[in-house]
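What follows is a short report on a single structure.
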There are 2 protein chains.
Amino acid sequence: MASKKPAPVKADAPARKGRSATSYDVALRAGVSQSAVSRHFKPGASVSPETRARVIKAARELDYIPNALARSLITRRSNLVAVLISNLTNLYYPEVLSELSQQFVSKGMRILLFTVPHEEDIDQVVSQVWQYQVDGVIAATRLSLEHIMEFERRGIPLVLFNRTLKEKAVNAVVCDQIEGARDLVSRLAATGHQRFGIISGPKDSVVGQERTRGARARILELGLREPLIVPGEYDYQSGVRGMRELIDAKGKAPDAIICGNDIMAIGCVDAARHEFGLDVPGALSIAGFDGVEPATWLSYQLTTLRQPVQKMAHSAVDMLVSLIGNEQDSPEKRVFSAVLIEGKTARLQQPPQ
Amino acid sequence: MASKKPAPVKADAPARKGRSATSYDVALRAGVSQSAVSRHFKPGASVSPETRARVIKAARELDYIPNALARSLITRRSNLVAVLISNLTNLYYPEVLSELSQQFVSKGMRILLFTVPHEEDIDQVVSQVWQYQVDGVIAATRLSLEHIMEFERRGIPLVLFNRTLKEKAVNAVVCDQIEGARDLVSRLAATGHQRFGIISGPKDSVVGQERTRGARARILELGLREPLIVPGEYDYQSGVRGMRELIDAKGKAPDAIICGNDIMAIGCVDAARHEFGLDVPGALSIAGFDGVEPATWLSYQLTTLRQPVQKMAHSAVDMLVSLIGNEQDSPEKRVFSAVLIEGKTARLQQPPQ
DNA sequence: TTGTAGGCGTTATCAT
DNA sequence: ATGATAACGCCTACAA
């Protein structure tokens with residue numbers, strides 16, 4: 001029988017069966033010390049060409065790859081970033097995630113993905129985040145004040161994406177929804193729209209509420225009548241239902257409908273055209289927010305306020321990375337402006353006299 | 001002014017400044033050994049109610065959370081799963097990712113996300129995967145034989161999602177594209193379609209090629225004329241361009257167009273209707289693959305072959321998890337059938353005599 | 001430039 | 001049931 005104590009490693013081959021080679025194995029094979037191997041993988045380390053060559057050779061022969069987990073343990077940097085995202089079926093988020101991903105790879109960081117299907121689950125999710133010693137967090141989810149405080153307490157840099165907190169200043173990259181919504185209303189009012197309807201986002205969506213609030217405020221400012229507001233859940237069916245409700249509501253039907261996001265706007269357009277036979281934008285103007293891809297499709301060519309997702313993602317990653325390096329100083333909020341895409345679902349040009 | 005230096009740590013607090021509490025800190029505070037703390041967090045461990053109480057108390061007071069990285073180092077299980085995904089802007093993938101994510105959380109595993117924007121980048125991406133000691137990999141990307149062999153060599157369980165390899169049996173969850181494509185053609189032929197056009201997926205997409213091949217084979221089998229095949233890239237514009245090319249091609253225009261995925265089909269429908277004023281499905285039938293959400297929108301109600309994404313994701317996760325537990329035995333391929341959604345962009349019913 | 005040795009935070013083994 | 005003690009694979013002074 002083989003002795004119970006670990007057999008003296010054979011000169012060649014990675015010692016323990018099934019396991020992958022370690023830096024120690026490589027050192028053994030290259031005839032150098034383990035630290036020499038380690039150094040070799042560190043960028044600006046001092047190592048003679050000769051040793052380097054031997055290490056490279058041995059490493060290649062053994063298929064050696066450094067263990068990032070072990071490294072993180074000692075360096076206290078995991079190069080892992082948590083991305084919390086609500087609802088990937090939301091169409092807006094995949095774009096965000098995709099951009100974030102690209103940016104992070106270019107910084108040499110890996111994404112630990114946490115999807116939050118239901119708001120209730122957020123607690124559980126957040127508690128999972130700590131365990132993996134992520135260097136930072138980007139959250140595109142609703143986050144409670146307590147959670148944010150906890151991040152701060154644990155010293156984990158956090159950047160909110162398209163979210164802010166009323167109660168507390170916090171690092172965030174956002175798009176000015178109110179400004180956008182006001183512009184939109186102004187433009188619509190300038191071309192004669194008078195009766196506004198709004199299909200709003202869910203109550204717990206700050207972004208959605210801002211869009212609604214901004215639009216409503218401007219409507220009233222302009223002396224137009226109180227808009228009819230019906231609730232939605234950011235999905236296509238909400239747009240369809242919203243349209244029905246606005247039509248069914250007593251009083252004259254609106255001549256302009258502002259939807260909390262593009263998908264609802266698309267549902268709204270479809271319902272208007274296919275269910276009610278309305279001419280959009282002839283009889284009714286409809287606009288959305290986000291600027292997702294389907295909004296550009298020929299069937300819609302939606303009038304919408306496009307968020308500069310790419311810029312925002314870039315900015316968020318930059319912010320997080322610089323936060324990770326340095327001490328946390330005062331929170332910063334980067335605000336981007338939405339861009340009005342005129343599209344063809346709203347009358348925004350003066351009719352020729 | 002408040003002093004700049006961090007206040008001297010209280011006797012209680014975790015010792016080293018800025019660092020989070022370790023099991024050792026908890027042990028100290030609870031007056032037990034470090035291993036007792038470790039045991040406490042292990043499910044079926046033997047620990048007296050009294051010590052347990054003290055550990056819980058101390059842990060809570062110190063905000064202690066176990067370090068998953070350190071744990072993984074010794075247990076050789078990271079509970080990390082790599083998900084390789086091509087192109088999140090593809091609309092089909094976010095659905096997949098979303099489902100995978102849900103399933104993995106329920107198994108207590110975390111997702112390390114790797115997006116592969118360009119096929120060329122795959123090498124770099126794959127090499128990143130190893131470092132983090134993931135327990136397994138789900139790949140919804142094109143993967144070369146070498147890569148797959150490398151996974152095998154390193155003993156990392158791999159499940160391909162909607163992909164297979166001709167050269168080698170490999171664990172995979174797929175949807176039978178050929179069967180689906182054949183069915184679709186049969187149905188179309190049964191209602192009198194004779195001249196087929198195909199807008200195919202990109203050359204390097206196995207799924208796309210299968211769809212095209214399956215359709216073409218059945219078309220020829222039925223004695224119909226060789227279909228006109230134009231290439232596409234799975235995006236909306238490809239559908240639009242494809243439509244144009246099919247119209248421009250010499251010979252009579254097709255009366256049925258099969259597109260490599262829904263998004264191209266949508267582009268194709270839009271081009272047909274808005275650019276060429278064609279009646280779809282009256283003058284021209286158009287069908288796609290995948291069953292993504294926009295396909296259901298009122299403007300389209302696309303005829304399509306829906307992939308059972310949820311079932312497939314569920315199955316893939318199950319497969320991977322059981323692979324992780326046990327030794328790798330012979331590769332398994334799980335094949336699902338697509339479901340034909342009749343929709344309203346193709347004539348699939350016999351006109352009433 | 002190179003090697004030795006200690007430590008990162010945890011789990012596992014083995015006495016007690 | 002509990003506590004030493006040895007890994008796990010790596011990085012990093014420090015000494016040579």
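Chain letters run A, B, ... following the sequence lines, proteins first, then strands; residues in each count from 1.
Listed pair Arg76(A) / dG9(C) meets the phosphate criterion, a side-chain N or O lying under 4.0 Å from OP1 or OP2. A sub-4.0 Å separation between OP1 or OP2 of dC10(D) and a side-chain N or O of Ser23(A) is present. Taking side-chain N and O atoms only, Lys42(B) has a distance below 4.0 Å to OP1 or OP2 of dA12(C). The phosphate of dT10(C) (OP1 or OP2) has no side-chain N or O of Ser38(B) nearer than 4.0 angstrom.
Checked for salt-bridge contact, Glu152(A) and Lys168(A) meet the test: a charged N lies under 4.0 Å from a carboxylate O. Taking a cutoff of 4.0 Å between a charged side-chain nitrogen and a carboxylate oxygen, Glu332(B) and Arg334(B) qualify as a salt bridge.
Distance Leu28(B) CG to dG9(C) C1': 15 Å, rounded to the nearest Å. Distance Arg77(A) CZ to dT12(D) P: 12 Å, rounded to the nearest Å. The nearest whole Å value for the distance from the NE2 atom in His40(A) to the C1' atom in dC10(D) is 15 Å. Following rounding to the nearest Å, Gln133(B) (CD) and dT11(C) (P) show an atom-to-atom distance of 17 Å. Counting to the nearest Å, the P atom of dC8(C) and the CG atom of Leu73(A) are 9 Å from each other. Straight-line distance from the CD1 atom of Ile65(A) to the C1' atom of dC10(D): 15 Å, rounded to whole Å. The nearest whole Å value for the distance from the OH atom in Tyr64(B) to the C1' atom in dG9(C) is 7 Å. dT11(C) atom P lies 14 Å from atom CG of Leu69(A), rounded to whole Å.
In this structure, the nucleotide among dT11(C), dG9(C), dT12(D) sitting nearest to the side chain of Arg71(B) is dT11(C).
Applying the 6.0 Å contact sphere to CD of Glu50(A) captures no more than 12 heavy atoms from other residues, nucleotides or ligands. Dense packing is recorded around NZ of Lys107(A), with more than 12 heavy atoms of other residues, nucleotides or ligands lying under 6.0 Å away.
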Base-contact (B) and sugar-phosphate-only (S) positions in nucleotides 1-7 of chain C, heavy-atom cut-off under 4.0 Å, - elsewhere:
BBBB--B

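Looking at heavy atoms from C-beta onward, Leu143(A) lies in side-chain contact with Leu160(A) at the 4.5 angstrom threshold.
Defining each end axis of the helix from dT1(C)-dA16(D) to dT16(C)-dA1(D) as the rotation carrying four pairs' C1' atoms onto the next four, with five pairs an end, the two axes are found to diverge by 40° to 10 degrees.
Within the 4.0 angstrom heavy-atom criterion, only backbone atoms of the sugar-phosphate kind lie near Thr75(A); the bases stay farther away.
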Decide yes or no on side chain to side chain contact (heavy atoms under 4.5 Å, CB included) for Thr164(A) and Lys333(A), but give the supporting numbers first.
CA-CA 9 Å; Thr164(A) 43; Lys333(A) 181 159 112 179; 3.5 Å; yes

Under the side chain to side chain contact (heavy atoms under 4.5 Å, CB included) criterion, do Leu112(B) and Phe114(B) qualify, and how do the steps go?
CA-CA 7 Å; Leu112(B) 211 49; Phe114(B) 295 84; 3.9 Å; yes

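In this structure, the ring of Phe41(B) has its center less than 6.0 angstrom from the ring center of Tyr64(B).
With sequence neighbours left out, the salt bridge (Lys or Arg N to Asp or Glu O under 4.0 Å) criterion links Glu150(B) to Arg154(B).
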